[in-house]
2 protein chains.
Amino acid sequence: MKALETILPKFDSVFSIDCVIFGFDEGELKVLLIERNVEPFKDWWALPGYLVEQEESLDNAAERILYELTGLKGIYMDQFYTFGDVNRHPQGRVITVGYYAMIRLSGNKDLKPAPITNYARRAVWTPLADLPKLAFDHDKIFKRAFDKIRNKISYQPIAFELLPEKFTLTQLQHLYEVILNKKLDKRNFRKKMLNYDILKELDEKQKGVSYRAAKLYKFDKRKYARLFQKELSFGK
Amino acid sequence: MKALETILPKFDSVFSIDCVIFGFDEGELKVLLIERNVEPFKDWWALPGYLVEQEESLDNAAERILYELTGLKGIYMDQFYTFGDVNRHPQGRVITVGYYAMIRLSGNKDLKPAPITNYARRAVWTPLADLPKLAFDHDKIFKRAFDKIRNKISYQPIAFELLPEKFTLTQLQHLYEVILNKKLDKRNFRKKMLNYDILKELDEKQKGVSYRAAKLYKFDKRKYARLFQKELSFGK
DNA sequence: ACAAAAGTGTTCGAGATACACCCATGC
DNA sequence: GCATGGGTGTATCTCGAACACTTTTGT
């Protein structure tokens, strides 16, 4: 990975990827940020992002860049928008393609930028409530990604990706409430979720809580795929 | 506008825009194609597209390029996806940003590539049924745009953009049927459309038909904007 | 026994679907 | 008078919204 500065002086046009990775932990929605270790915006917080190389597709670039800057491996991301304002990068014309993902935080906490680059000093899960002002136009990029998942979750049950493998309905509901930023009715929420028929009820309960333990559920990928197919085909 | 060939030999990375412009005429859904006049894919049909210049935003580039290649002026387009496979262009790495629009065909038939470029020999409205195999990966780009509008129309009443200013409900229904590729029930369709409350019934009827003339309607932009706002705000 | 969260049903209104006949007009 | 599309209403179902109390468990 060449340092950005060595490329900028001669570039005509460069493209980059920026990743918006959502995680959910301790009842909070978080986003993965890096602390920049190079100019411009040295010491600022930014979305993990870097230049696309000559011989890699955008999707591959996204995966590689996220890994190198944060240590997260094999994350599948979706492209959501491309940002191309002329002056979005102070050193030249950089068009950036935005990717997002929602991932399970448990067991993914060991973040460590790969030592191949000193571009990021560290990577940190940051609660949305504590979001600092970000480098470049990353505030705008983040906002667009957040709008996207908020929109998507309201017509597609995608929130499981953020939860541990086994979860309670109340945890799932809290997650929805955080993303949609409103209270939901418990009975209606449960009815609706169970109606989707994509949850498997386990013979197991929550442990270590000082109140009535809730049933645990698992997300059923097979049934989910079926539902998703149905939603993609128009008309019934 | 420099010719593509003079740029390619030395480029590291280049971005372009490709435009998917939908029109509706004589009961058929059409897309605007150009006939290429330069290599590669000389003489092939392609989506109108060209390189983004150094000092213009993506949105501006899209508008300019469409105008230069087809003569269509001031068309507002939405970005829908960015295509970055390594080998999508035979002469080097070109990442392209897809834009789409739906426009009124009546009065927009005078297509003429601007003489500043000999890149396109001509621009032609092509019925979807007659789509030839397109240059580059434009088949894929087209398909993605079409999926996008098909999806969008089923939750947002956007089809007016394709119709003449005054239209009958039957024309509107036909348009929906063509895009969704299925028959709709006349009574239910009318009920639903009128319920949106974004159509203004005119004191005017169809002329020159050899059967009972239908009422003409106009699309009410003010009310539409209101509806759109409502749909964008989550939760009620 | 008390605190805390789990779990559970019914009613209402809105909107989607299915379905068939008479009406106006031009030829 | 006939062919062609214009125009209309009702019954049913599904889904989302509103709404409150009992049960279980750990301390």
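In what follows, chains carry the letters A, B, and so on, assigned in the order in which the sequence lines appear, proteins first and then strands, with residues in each chain numbered from 1. Below, all heavy atoms of this structure are taken into account, side chains as well, without hydrogens, waters or symmetry copies.
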Should we say atom CD of B/E177 is surrounded by more than 12 heavy atoms from elsewhere, each under 6.0 Å from it? yes

Euclidean distance, atom CG of residue A/N188 to atom C1' of C/dA6 [Å, nearest integer]: 16 Å

Does OP1 or OP2 of C/dG7 have a side-chain N or O of A/R190 closer than 4.0 Å? yes

Looking at the base of D/dT10, is there any donor atom on it, or on the side chain of B/K191, that sits under 3.5 Å from an acceptor on the other one? yes

Rounded distance (Å) that lies between atom C1' of C/dG15 and atom CE of B/M193: 14 Å

Taken to the nearest whole Å, CZ/A/F189 to C1'/C/dT8 is 16 Å

Pairwise side-chain contact, B/D78 with B/F80, heavy-atom cut-off 4.5 Å (strictly under): no

More 5' along DNA chain D: A/K192 or B/Y217, using each one's nearest nucleotide? B/Y217

Name the residue from A/F219, A/Y176, A/F24 that meets the ring-ring contact (aromatic ring centres under 6.0 Å, His included) definition with A/F160. A/F219

Round to a whole Å and report the spacing from CG of A/L184 to P of D/dA18. 11 Å

For the residue pair B/R36 and B/F41, would you count it as a cation-pi contact if the rule is NZ or CZ under 6.0 angstrom from the ring centre and within 45 degrees of the ring axis? no

What is the distance, to the nearest angstrom, from the NZ atom on B/K207 to the P atom on D/dG6? 17 Å

Please give, in whole Å, the distance from D/dG6 C1' to B/E204 CD? 17 Å

Side chain proximity check, A/L58 to A/Y99, heavy atoms < 4.5 angstrom: yes

Table of protein N/O atoms under 3.5 Å from nucleotides 21-27 of chain C N/O atoms:
| residue | atom | partner | partner atom | Å |
| --- | --- | --- | --- | --- |
| C/dC23 | O2 | B/R212 | NH1 | 3.1 |

Rounded distance in Å - CD (A/Q206) to C1' (D/dG26): 13 Å

Quick one: does any side-chain atom of B/D137 pair with a main-chain N or O of B/K140 as donor and acceptor, under 3.5 Å? no

Atom pair distance, as rounded to whole Å: CD in A/E201 and C1' in C/dG7: 11 Å

Residue from B/Q206, B/E201, B/E204 passing side chain to side chain donor-acceptor pair (under 3.5 Å) with B/K215: B/E201

Is there a donor N/O on one and an acceptor N/O on the other, under 3.5 Å, for the side chain of B/D185 and the base of C/dC19? yes

Pick base, sugar-phosphate or nothing for A/T170, based on heavy-atom distances below 4.0 Å to the nucleic acid. sugar-phosphate

